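All remarks here apply to the structure that follows.
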2 protein chains.
Amino acid sequence: MATMHDVARLARVSVSTVSYVLTGTRPISDATRARVLEAMAELDYQPNAMARGLATRRSRIVGLLMPMSERGFGATETAFVTGAAAAASDAGYHLVLSPIGAGDLDDLRRLASQRMVDGVALMEVQIEDGRVGVLQETGVPLVLIGRTSDTTGLSYVDIDFDQTVREAVDHLVGLGHRRIVYVNHSAATIAAGYGPALRTRDSFVAAMTGYGLEPLMIPAEDSAAGGRAALAQAMTQAPDLTAVLAMNENAIFGILAELAVRRRAVPGDVSVVSMVTSPAVAELAYPALTAMTSPGSALGRIAVEALLRQLDGTGAHHQQLLPCALEVRGSTCPAARPDNELTGTGLPGG
Amino acid sequence: MATMHDVARLARVSVSTVSYVLTGTRPISDATRARVLEAMAELDYQPNAMARGLATRRSRIVGLLMPMSERGFGATETAFVTGAAAAASDAGYHLVLSPIGAGDLDDLRRLASQRMVDGVALMEVQIEDGRVGVLQETGVPLVLIGRTSDTTGLSYVDIDFDQTVREAVDHLVGLGHRRIVYVNHSAATIAAGYGPALRTRDSFVAAMTGYGLEPLMIPAEDSAAGGRAALAQAMTQAPDLTAVLAMNENAIFGILAELAVRRRAVPGDVSVVSMVTSPAVAELAYPALTAMTSPGSALGRIAVEALLRQLDGTGAHHQQLLPCALEVRGSTCPAARPDNELTGTGLPGG
DNA sequence: CTGAAAGCGCTAACAA
DNA sequence: TTGTTAGCGCTTTCAG
């Protein structure tokens, strides 16, 4: 491991000169620059990241706080991570993954105080999230992927749930659907203040009442079994439903399965729209799912880019909402008939 | 940000004493230790990671090299990452994610030479992988998740594909299946030297010929469409097939869809086993898939733990193979009849 | 059992 | 345009 001293000696210049050709913070004659670069190449020189970090008080590392929740890691979350990693890498930064959840506030304080990370991106932000306060205290630059209830003075990128839900509802209503049921995350998740669950719920109510329709909603555990149970419950509450809007990536296949069991054809009898879903997942179903495609990796990338801009002072707070894009595939079609097709009457299990 | 000097001053001891109570590398009287700890608490002291790293020449960061391939990130890969992150975190290490693929050898050399990481875990290892050589040159401790062809002197953890395939074939043959088709990754992926594709192929041939059966194999693009095409091709080559063994997580739903279109019931007409699959994915299908469950997060964890043992010298090379576990769900059942059910004859599209 | 001081490899005044 | 040097905050000899 050659050091800067070695380079300086070989190039017959002082260490500071070597440093300056590296950082470009002061003019260097072409001749000496050439000599230095040559020496660096000759010695296979790479600056030591720790030493540079200590001197500059900047690690060129950003943290991605990624709680490993019961909800697990869906395609959307994975896309955040890869998008964030790519953006950091492109800017010459490193991305450290920390599995720090809302519970580990002490771990978080430690991470922030060790000055190992120049800034932090928070995933899975709760409506009230203790991590935000801790991070603000320690003064670490911060960007949220998601939103707390009060976002003044905070940077965030998030999905525009309101517009996303509205587009989804518009799509279904435009196809003539009136009895639309919304399958959300679990009651526990909602109670825990999981933003997407809360916001989509409110947006759904607003969109449906805007159309003069009743906003039917069912929570579902994050599993296929949860989806099946939810759909069964929905069929009981609203046997005449013709469309389901599913927020829950993990439950969606259970919903489809239960529909299949009940011999309700998709999309013939029931149209299905999957919310905040990656194309990969949507394509897994047959027919492929009409879905609101989440801007997953874009969110990760934008978050990190905003964070880096905050770091070099070339940007202040950045607040941005990106809607999911409606991608019509095979799981939606015009509603059959307004009000008199109670085909599945009294067939509770199939 | 209090420094060690601040703590020393407040506790009326020297900096070295503070350092020693932190590292525990030399005896300290209880009295002074108490004073020091008190001062640290008072000042909210946290050691500076960069400074410590510079002095010890250890960053307490390990890198996870995670190429973002065309193949994308399945549940199994995601589980590696979370398992690795958890293991690192448990040991007081940080995990940096680097999206460095087999192509970016220069980036890799840079990362390794900057001494920002104490060690590296490599994901998505190819049979011949240039990254291994580069890392060995730079002397960075290394563990592979996957294997190259020559593993002498290397640490790795990998799936025991041989045993996994054998168990899957045993399961199907035990159910009376004789015409079993193996759906692999794409031809391009195989040509690129993707280990799992190569190894399972070889193991499948061995297992089938061991039973005196013909090893039917079809490649599939990593998508639902690829799965559909592959199954269609398989039905042409072997109209009498009664079971499919699918290596390709991304193609599996396409395979199921094509079977549905062709009115071949699962498992009634065709049994399906999904290889190297997470329970979450297996449960998405209806019926839920009999699958060889990949030990995803265990692999990530074991890899990092082995790496850390190499770092403190408490462990040499570690080579370990973990088989996937057979989990019988609803997609397999005894074969219908030996040799005369050509139901789907001449129904190319449905 | 404790202190003083020399680095770790780099950056950035300060001086020329 | 270049060199000298004082740190950055910690670990770890070397002395006591």
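Because the structure is predicted, anything quoted here is derived from the model rather than measured. Every chain is numbered from 1, with letters handed out A, B, ... down the list of sequences.
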d(CZ, R115(A); C1', dC10(D)) in whole Å: 16 Å
Have a look at T32(A) and say if it touches a base, only the backbone sugar-phosphate, or nothing, with a 4.0 Å heavy-atom cut-off. sugar-phosphate
R115(A) side chain vs M1(B) backbone, donor-acceptor pair below 3.5 Å: no
Does D129(B) use its side chain to pair, donor to acceptor, with the backbone of Q126(B) at less than 3.5 Å? yes
In whole angstroms, how far is the C1' atom of dC8(D) from the CG atom of D6(B)? 14 Å
Rounded distance in Å - CZ (R58(A)) to C1' (dA12(C)): 15 Å
Under 3.5 Å donor-acceptor pair, R26(A) side-chain atoms to dG3(D) base atoms: yes
Please, which pairs that meet side chain to side chain donor-acceptor pair (under 3.5 Å) have at least one residue in residues 36-51 of chain B, sequence neighbours excluded? none
In whole angstroms, the gap separating P of dC1(C) from CG of D30(B) amounts to 9 Å
Flag, side chain of D118(B) to backbone of R60(B), donor-acceptor distance under 3.5 Å: yes
All N/O pairs under 3.5 Å across the protein-nucleotides 8-11 of chain C interface:
residue	atom	partner	partner atom	Å
dC8(C)	O2	A55(B)	N	3.4
dG9(C)	N2	A51(A)	O	3.4
dC10(C)	OP1	Y45(A)	OH	2.5
dC10(C)	OP1	N48(A)	N	3.1
dC10(C)	OP2	M4(A)	N	2.4
dT11(C)	OP1	R52(A)	NE	3.0
dT11(C)	OP1	R52(A)	NH2	3.4
dT11(C)	OP2	S19(A)	OG	2.9

Using atom CG of D118(A) as one end and atom P of dC8(D) as the other, report the distance to the nearest whole Å. 18 Å
Is H317(A) reaching over with its side chain to a backbone N or O of G153(A), donor-acceptor style, under 3.5 angstrom? yes
Within the distance-only criterion (no hydrogens, no angle test), does the side chain of R35(A) pair as donor or acceptor with the backbone N or O of A11(A) below 3.5 angstrom? yes
